[in-house]
Number of protein chains: 2
Amino acid sequence: MASTSEDELIETIVGFFRETDGLFSATSRPLGLTPQQAQMLCFTQHLQPSFGELAGLLHCDKTNITGLVDRLEKRGLVIRQPDAQDRRMTRVHLTPEGEELTKRFQHAFNSALTSRLRDWTAADRKDLLRLLRSATTALRG
Amino acid sequence: MASTSEDELIETIVGFFRETDGLFSATSRPLGLTPQQAQMLCFTQHLQPSFGELAGLLHCDKTNITGLVDRLEKRGLVIRQPDAQDRRMTRVHLTPEGEELTKRFQHAFNSALTSRLRDWTAADRKDLLRLLRSATTALRG
DNA sequence: TATTGTTATACTCTATAACTATA
DNA sequence: TATAGTTATAGAGTATAACAATA
């Protein structure tokens, strides 16, 4: 990384970020979801996160989560569930409809990704996934 | 990739995407820029892109570029420059102030990134950059 | 007192449709 | 006719500040 000039490094990351964003957008909008909604559904699938946890995961202010959940709840994709231990907290659960749509999004995204990386070696694909996983932890920490 | 379930794969990519987004946001907002504005400035630095090219790079509708450029132009960071060959086209150039702010953003982003990846091996950092570059091309194609 | 979620507000981002100017 | 950029519009995402309920 020291051998790369700063602007080149940033351009690489910005470029990858925007292409990923494009893929999220192209995959989620035909399903009637914004990219942010699709991402929130993915996070909600296994976690049943609180509003504060979602704000942390999505890196946005907690006030945004209210509206985001409102719109998904109005469509019957998620429900608010009061936390049993701490009555200040509300947890977000997927409904069966939300679970189904989340899986459809994941399948569509996976198909698009697989098709675009079809020329990659198995080793490179494995490396990419390993490094992304590791980088996510590093950036989060 | 075949050995990973779809939801795990998507969660990895969504996770990395959101962490990158968080880093963009944390780096750009103290400079008075939205993440999208910072990203546009990075693309504009070497390309002098047309509005249509920017729409392609940012994966958004061309109508969004008008407002994005309007706001940056009002702050004196970019200027519209008519294309010499095709008078329908307008190209976006950085002003000296825009160039300076873009470099400040790049430096801040690079510092944050370097500090978070400080425990990584040089080989892993090099691999990450190589794979991101390659993946960007694959996703774009 | 501190934390969780909400409301009110203002601004930005985004897509769709209809338009003007140029090719 | 087709393309590049603009305008109008509506909806969604975002941050800040002030608030109510709970811990």
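Side chains included, hydrogens not; waters and symmetry mates left out as well; all remaining heavy atoms used. In this text, all values refer to a predicted model and were calculated from it rather than measured experimentally. Throughout, protein chains are lettered first and strands after them, A, B, ... in sequence-line order, and every chain is numbered starting at 1.
- Taking 4.0 angstrom as the limit, B/Arg71 places a side-chain polar atom (N or O) nearer than this to OP1 or OP2 of C/dC13.
- Under a 4.0 Å N-O distance rule, the pair A/Asp119/A/Arg125 does not qualify as a salt bridge.
- Within the 4.0 angstrom heavy-atom criterion, only backbone atoms of the sugar-phosphate kind lie near B/Leu68; the bases stay farther away.
- Legend: residues meeting side-chain contact (heavy atoms from CB on, under 4.5 Å) with B/Asp83, ordered by chain and number and at least two apart, are B/Gln85, B/Asp86, B/Met89, B/Arg91.
- Nucleotides of DNA chain D that come within less than 4.0 Å of any heavy atom of chain B span, from the 5' end to the 3' end, D/dA2 to D/dA15.
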Check: residues 96-104 of chain A side-chain donor-acceptor pairs under 3.5 Å, at least two apart:
unit_1, atom_1, unit_2, atom_2, d
A/Glu97, OE1, A/Thr95, OG1, 3.2
A/Glu99, OE2, A/Gln45, NE2, 3.3
A/Thr102, OG1, A/Gly98, O, 2.6

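- Every residue was checked against the side-chain hydrogen bond (donor to acceptor under 3.5 Å, both in side chains) condition with B/Arg87, not counting sequence neighbours, and none meets it.
- With sequence neighbours excluded, the residues that form a side-chain hydrogen bond (donor to acceptor under 3.5 Å, both in side chains) with A/His59 are B/Glu19.
- Of all the residues in residues 30-37 of chain B, B/Thr34, B/Gln36, B/Gln37 reach under 4.0 Å from DNA chain C with at least one non-hydrogen atom.
- Legend: residues meeting side-chain contact (heavy atoms from CB on, under 4.5 Å) with B/Thr34, ordered by chain and number and at least two apart, are B/Arg29, B/Gln36, B/Gln37.
- Across residues 72-86 of chain A, A/Arg80 each have a non-hydrogen atom less than 4.0 Å from an atom of DNA chain C (numbered order).
- Candidate nucleotides C/dT22, C/dT6, C/dT3 were compared by shortest atom distance to the side chain of A/Arg88, and C/dT3 ranks first.
- Side-chain atoms of A/Arg116 come within 3.5 Å of backbone N or O of B/Leu139 as a donor-acceptor pair.
- Atom CZ in B/Phe24 sits about 15 Å away from atom P in C/dC13, given to the nearest Å.
- Between B/Gly67 and A/Asp70, it is A/Asp70 whose nearest contact on DNA chain C lies nearer the 5' terminus.
- Taking every heavy atom of residues 54-63 of chain B and every atom of DNA chain C, pairs under 4.0 Å involve B/Cys60, B/Asp61, B/Thr63, by number.
- B/Asp21 is linked by a side-chain hydrogen bond (donor to acceptor under 3.5 Å, both in side chains) to B/Arg18, counting only residues two or more places apart in sequence or in another chain.
- Listed for the B/Ser134 side chain is no donor-acceptor partner under 3.5 Å among the backbone atoms of B/Arg130.
- Distance CG (B/Asn64) to C1' (C/dA17): 14 Å, rounded to an integer number of Å.
- When the P atom of C/dT6 is taken as reference, atom CD1 of A/Ile65 falls 10 Å away, rounded to whole Å.
- No donor-acceptor pair closer than 3.5 Å links the side chain of A/Gln39 to the backbone N or O of A/Leu58.
- Legend: residues meeting side-chain contact (heavy atoms from CB on, under 4.5 Å) with B/Ala55, ordered by chain and number and at least two apart, are B/Lys62, B/Ile65.
- Within the structure, a side-chain polar atom (N or O) of A/Thr66 is placed less than 4.0 Å from OP1 or OP2 of C/dT6.
- Here A/Arg71 pairs with nothing under the side-chain hydrogen bond (donor to acceptor under 3.5 Å, both in side chains) rule; sequence neighbours left out.
- A/Asp127 CG to A/Leu131 CG: the interatomic distance, rounded to the nearest 0.5 Å, is 6.0 Å.
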